[in-house]
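Here the structure comes first, spelled out in structure tokens, and everything after it is commentary.
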2 protein chains.
Amino acid sequence: MTKFNLVYQDLKTKIDNGLYAKDSLLPSENQLRELYGASRDTIRRALLRLKDEGYVQSQQGKGTTVINRQQYVFPVSGVLSYKELSTRMNMNSRTVLVDKQPMTLPTTPFVSIDPDVHAMPVLRLTRLRRINEEPVIIDIDYIDRAVVPDISQTVAEDSLYAYFEQTLHLAIAYAKKEFTVEHATEQDQQLLGLTPTDAVAVVRSIAYLEDTTAFQYTESRHRPDRFRFQEFARRS
Amino acid sequence: MTKFNLVYQDLKTKIDNGLYAKDSLLPSENQLRELYGASRDTIRRALLRLKDEGYVQSQQGKGTTVINRQQYVFPVSGVLSYKELSTRMNMNSRTVLVDKQPMTLPTTPFVSIDPDVHAMPVLRLTRLRRINEEPVIIDIDYIDRAVVPDISQTVAEDSLYAYFEQTLHLAIAYAKKEFTVEHATEQDQQLLGLTPTDAVAVVRSIAYLEDTTAFQYTESRHRPDRFRFQEFARRS
DNA sequence: TAGTGGTCTAGACCACTAC
DNA sequence: TAGTGGTCTAGACCACTAA
């Protein structure tokens with residue numbers, strides 16, 4: 001753990017727990033410098049990250065104000081796996097592997113995210129996510145077989161990311177996502193209990209490793225009445 | 001313009017124009033330091049921003065790779081006004097003010113974004129956005145009358161943000177957004193040409209000033225078949 | 001081994017706020 | 001005027017990659 005990460009984590013925890021309350025000022029950068037025994041630059045890097053994530057807002061001459069503690073309205077944002085999200089939110093969640101199939105990657109659904117997608121051997125996993133026993137999401141993953149040879153049912157129903165990172169030691173760096181609203185397919189209707197006139201919220205994403213290799217293509221189909229996604233953004 | 005911003009803008013422009021091609025390496029940080037006559041820290045701050053925005057990816061020992069040039073698939077992400085987006089995308093776009101009404105802010109649609117919303121006198125603007133003469137978005141803005149006393153039809157049909165920033169000199173700092181899928185209301189059906197069974201993609205957002213004041217509440221209702229939103233995210 | 005990015009430090013000067 | 005955050009510098013050491 002790096003020093004600035006320690007500072008970042010500590011401040012974040014204290015904000016989440018209300019130790020630094022919303023609308024109150026954090027200690028000044030100089031005070032934090034003494035508190036953590038770090039240089040001002042290290043403190044500022046931690047604060048920068050908190051600003052980017054929507055935790056705090058700085059004002060020259062005044063100080064740094066807490067504007068938000070973490071919200072978890074099931075953000076589809078960021079690069080967090082379903083497992084990580086459901087654990088954080090203490091959800092009663094269960095995943096069932098519906099289908100596992102080796103095939104060639106269908107590129108068309110992903111070209112608008114990355115024009116360079118190319119056909120490759122993948123493993124397709126179809127999984128149904130339930131929250132409180134109610135089916136809410138169908139996840140269809142296409143995983144590069146050159147990077148991940150196989151995936152067991154146990155892994156598929158627990159956490160792909162934990163397997164990728166902790167067992168295979170893959171370094172997942174970033175992801176691109178796309179949101180659309182589409183008509184419910186027959187599979188959507190069957191698995192999510194929808195009618196032909198219903199819409200679904202579709203999130204397609206491509207995950208990349210540190211060396212910029214794309215290795216995971218996901219199509220996530222959400223029951224429309226359960227879909228809610230929040231985002232924080234800074235101006236210019 | 002600050003120095004790091006100059007470096008950032010220059011690199012971004014060169015990436016967008018293909019001068020630094022996708023999948024190629026940028027000059028090393030030391031080379032950039034000499035190119036721009038800046039310290040390494042200044043260079044690194046510019047690069048950090050490019051990384052956060054999904055332009056480049058760094059690898060220790062190797063260098064910094066261009067992974068993407070800017071895409072504009074009408075991102076609802078970020079804090080960009082409709083006017084800014086449509087200009088960048090060279091769209092044939094037109095906005096019509098449908099209704100202007102002083103009233104009290106309806107808080108319920110926004111509580112899940114910011115639990116501290118409170119009733120206040122606002123001006124409600126209802127605007128219809130057309131692209132190639134086709135109606136695609138209804139924007140319903142509630143604007144704090146204490147911050148913005150009035151808005152002319154001309155401003156409403158051009159750009160609110162240009163008016164806020166350039167005329168009123170408001171410093172818009174950040175925004176929180178929420179995406180949902182909802183049934184088409186009667187107004188949606190009439191203005192967007194939808195049927196009662198159709199869904200709409202709804203983006204609700206709250207914009208905040210530098211002093212953390214919330215001053216603009218927006219409900220943006222999109223024709224589902226025209227809605228497409230892209231996002232870039234880094235892992236932890 | 002040389003070159004790359006990642007982390008950290010100490011110090012300087014500036015713009016802004018509050019008193 | 002004192003204290004705050006914003007920008008910028010110069011230098012150090014480390015971890016990693018590639019030849």
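Chain naming here is simple, since letters A, B, ... match the order of the sequence lines and numbering starts at 1 in each. Below, all heavy atoms of this structure are taken into account, side chains as well, without hydrogens, waters or symmetry copies.
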Answer yes or no for B:R124 and B:Y142: cation-pi contact, defined as NZ/CZ to six-membered ring centre under 6.0 Å and angle to ring axis within 45°.
no
Hits for side-chain contact (heavy atoms from CB on, under 4.5 Å) against A:P27, two or more places apart or cross-chain, chain-then-number order -> A:Y20, A:Q31, A:L32, A:L35
So salt bridge (Lys or Arg N to Asp or Glu O under 4.0 Å) across residues 30-43 of chain A, not counting sequence neighbours, yields A:E29-A:R40
Checklist entry - So does A:E165 pair up with B:R235, basic N to acidic O under 4.0 Å? => result yes
Residues passing the ring pair (Phe, Tyr, Trp, His ring centres under 6.0 Å) test with A:F110, sequence neighbours excluded, are A:Y217
Taken in chain and number order and not counting sequence neighbours, the residues that satisfy ring pair (Phe, Tyr, Trp, His ring centres under 6.0 Å) with A:F215 are A:F164
Sorted by chain and residue number, the salt bridge (charged side-chain N to carboxylate O under 4.0 Å, His left out) partners of A:D141 (sequence neighbours excluded) come out as A:R127
What residues 24-37 of chain A contributes to the DNA chain D interface at heavy-atom separation below 4.0 Å is A:S28, A:E29
The dot-bracket string of DNA chain D, counting Watson-Crick and G-U wobble pairs with both distances under 3.5 Å, using [ ] for crossing pairs and | for pairs to another strand, is ||||||||||||||||||.
One should read off an interatomic distance between A:F232 CZ and B:Y208 OH, to the nearest 0.5 angstrom, of 9.0 Å
Sequence neighbours excluded, the answer for salt bridge (charged side-chain N to carboxylate O under 4.0 Å, His left out) partners of B:K22 is A:D114, A:D116
Residues at least two apart in sequence or cross-chain that pass salt bridge (charged side-chain N to carboxylate O under 4.0 Å, His left out) with A:R221, listed by chain then number, are A:E182, A:D188, A:E219
DNA chain C: first to last nucleotide in contact with chain B (atom under 4.0 angstrom from a heavy atom), 5' to 3', is C:dG3 to C:dT7
Contacts of B:D52 meeting salt bridge (charged side-chain N to carboxylate O under 4.0 Å, His left out) (sequence neighbours excluded), chain-then-number -> none
Within residues 58-66 of chain B, the residues having a heavy atom closer than 4.0 Å to DNA chain D are B:Q60, B:G61, B:K62
